[in-house]
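Taking it in order: structure first as structure tokens, then the write-up.
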Amino acid sequence: MTSINALRKGTGTIRGRLLWLMAGAIVMALLSQQGASANVISLTVLTVGVALLGLPHGAFDHLTGARLIRYYLPDTPYPRALLGLFMLGYLLLSIMLLECWYHWSALALILFLVLSAAHFGTDWRGRQCLIHRLCWGVLVIGLPFVWRSDDVTDIVRALAVPDPSPFIEAARPLVALALSIVLVGVRREGTMFLLAIGLLLLGAITLNPLIYFVCYFCCFHSPLHLGAIRHEHGLTGRRQMLAVAAPVVLMTWVGAGAGYLWMSHDHVTGALIKTVFIGLACLTVPHMLVEWLGERIAHAPVKAAHD
Ligand SMILES: CC1=C(/C=C/C(C)=C/C=C/C(C)=C/C=O)C(C)(C)CCC1
Ligand SMILES: [Fe+2]
């Protein structure tokens with residue numbers, strides 16, 4: 001009875017509602033036969049889903065940049081110039097990562113996966129302790145490596161990493177450890193967290209990794225963070241959000257289009273997978289850094305009154 005009550009309470013929250021959305025998406029994907037290996041439909045859904053629903057949650061990073069400048073340099077006479085520098089640094093970091101991927105793809109993938117696991121852990125900020133949040137991040141990424149290792153091998157090869165086997169082998173103990181920690185703490189975590197892990201397992205086991213990622217990223221992670229950003233920056237209406245995000249999203253689409261054309265000597269599938277995941281890596285590493293810096297000052301006392 002207690003767990004049913006907890007579930008009811010959970011469904012009232014944004015996380016609870018997004019979990020239902022993710023569950024609906026998993027069921028729809030299963031009905032559309034997305035359990036089999038990725039096909040044209042999976043790739044199209046991935047590209048459109050990430051472009052429309054995934055990217056916008058990184059498109060507000062300049063607002064966090066402006067807030068960081070106001071916080072650390074409240075008396076600067078050049079806030080706009082500093083914001084320009086901040087954005088230039090963001091862009092340079094993205095380009096550096098792209099270059100890094102070109103020369104040391106395996107290393108770049110490790111960095112991307114580790115940072116992503118930490119970043120996805122923020123989905124449960126304020127509800128779970130750090131260790132459980134990290135377990136969540138490890139499971140989001142690691143589950144398909146364990147249960148759909150053949151599909152993941154193809155994707156990782158498409159990402160210019162010639163030997164994916166160390167990644168697959170490393171995933172098994174890490175996922176086992178994360179699942180054990182979650183199971184040991186089962187009583188403390190709450191029904192919603194366990195339900196969410198059950199959903200991840202269901203998606204990762206039954207769907208191809210591309211569609212599993214879309215279900216998680218577009219139905220849970222991105223909307224959750226968009227909601228938080230909306231709250232944090234006091235953006236009230238959808239129109240206002242769209243107006244703030246649109247220029248960055250449009251620039252990213254142009255960049256991604258250029259990246260795709262650059263790689264189009266590759267097979268369409270390979271070029272698209274590269275564009276989406278390497279593009280995500282280049283954009284999300286600076287995004288994760290900005291998010292982390294922003295979070296540090298979000299809870300800082302008084303000085304923030306300059307905001
Ligand atoms: C490589 C690879 C994966 C990892 C994707 C990652 C790590 C995406 C990270 C996105 C981020 C950090 C977005 C930020 O908001 C999957 C889909 C799990 C399985 C297939 C191969
Ligand atoms: Fe994110």
Side-chain angles (χ1 to χ4, degrees), residues 18 29 34 37-38 42-43 45-47 49-51 53-61 64 94 97 101 105-106 108-125 133 136-161 164 166-168 170-171 174-175 178 200-201 203-205 207-229 232 245 248-249 252 269-270 272-292 294-295:
L18 292 176
Q34 288 303 316
S37 290
S42 340
L43 261 175
V45 173
L46 173 78
T47 313
V50 168
L53 294 167
L55 284 187
H57 88 283
F60 298 87
D61 287 345
T64 311
S94 297
L97 271 151
W101 206 294
S105 42
L109 181 60
I110 295 175
L111 180 77
F112 176 46
L113 294 179
V114 170
L115 287 178
S116 299
H119 178 67
F120 289 150
T122 61
D123 289 350
W124 294 92
R125 194 153 46 202
R133 297 204 300 263
W136 170 261
V138 167
L139 291 175
V140 167
I141 297 170
L143 288 174
F145 281 74
V146 173
W147 267 282
R148 304 294 294 237
S149 52
D150 289 345
D151 295 311
V152 170
T153 298
D154 292 341
I155 300 171
V156 173
R157 283 218 181 96
L159 295 177
V161 176
F167 290 87
I168 308 280
L174 285 172
V175 162
L200 283 185
L201 271 163
I205 293 171
L207 297 174
N208 71 60
L210 298 186
I211 291 297
Y212 155 78
F213 180 68
V214 175
C215 291
Y216 161 71
F217 188 55
C218 298
C219 298
F220 191 69
H221 177 81
S222 203
L224 192 65
H225 282 240
L226 272 176
I229 289 164
E232 200 175 309
V248 184
V249 172
T252 316
T269 314
L272 263 184
I273 289 187
K274 269 198 189 111
T275 308
V276 172
F277 285 114
I278 302 181
L280 262 181
C282 295
L283 286 175
T284 53
V285 169
H287 158 69
M288 295 185 265
L289 271 173
V290 170
E291 240 249 328
W292 177 70
E295 177 56 24

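Start at 1 and go down the list; that is how both ligands and their atoms are numbered.
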Got a sec: is His221 within less than 2.8 Å of the Fe ion (ligand 2) via an N/O/S atom?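 Under 2.8 Å: His221 contacts the Fe ion (ligand 2) through an N, O or S atom.
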Could you tell me whether the side chain of [X] and the main chain of [Y] form a donor-acceptor pair under 3.5 Å?
X      : Y      : value
Thr64  : Val290 : no
Ser94  : Cys282 : yes
Ser222 : Cys218 : no
Tyr212 : Val140 : yes

Atom indices of ligand 1 within 4.0 angstrom of [X] heavy atoms, with elements:
X      : result
Phe217 : 13 (C), 14 (C), 15 (O)
His119 : 14 (C), 15 (O)
Ser116 : 7 (C), 9 (C), 12 (C)

What residues form a side-chain contact (heavy atoms from CB on, under 4.5 Å) with Ala171, not counting sequence neighbours?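 By the side-chain contact (heavy atoms from CB on, under 4.5 Å) rule, Ala171 matches Phe145, Val146.
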Side-chain heavy-atom pair Leu280, Phe112 within 4.5 angstrom cut-off: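 The answer is yes, as the side chains (C-beta and beyond) meet within the 4.5 Å cut-off.
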Quick one: does Phe213's side chain get under 4.5 Å of Pro209's, heavy atoms only?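 Contact flag for Phe213/Pro209 side chains = no.
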Non-hydrogen atoms of His221 versus ligand 1: any pair closer than 4.0 Å?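 His221 counts as a contact of ligand 1 under the 4.0 Å cut-off.
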So is Leu113 touching ligand 1 or not, going by heavy atoms under 4.0 Å?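 Within the 4.0 Å threshold, so yes.
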Test of understanding: given a 4.0 Å heavy-atom threshold, classify the contact between Phe120 and ligand 1 as side chain, backbone, both, or neither.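 Side chain only.
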Ligand 1 contact on Asp151 by region, counting heavy-atom pairs under 4.0 Å: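 None of Asp151 does.
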Among the N, O or S atoms of His119, which one sits nearest to the Fe ion (ligand 2)?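 The atom in question is NE2.
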Check whether any N or O atom of Thr284, backbone or side chain, sits under 3.5 Å from an N or O atom of ligand 1, and answer yes or no.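 There is no such contact.
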When you compare the side chains of Tyr216 and Asp123, does any donor N or O come within less than 3.5 Å of an acceptor on the partner?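 Note: Tyr216 and Asp123 side chains meet the donor-acceptor criterion.
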Return the option from Phe145, Phe213, Phe167 holding the heavy atom at the smallest distance from atom 2 (C) of ligand 1.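 Checking each option, the heavy atom nearest atom 2 (C) of ligand 1 is found in Phe145.
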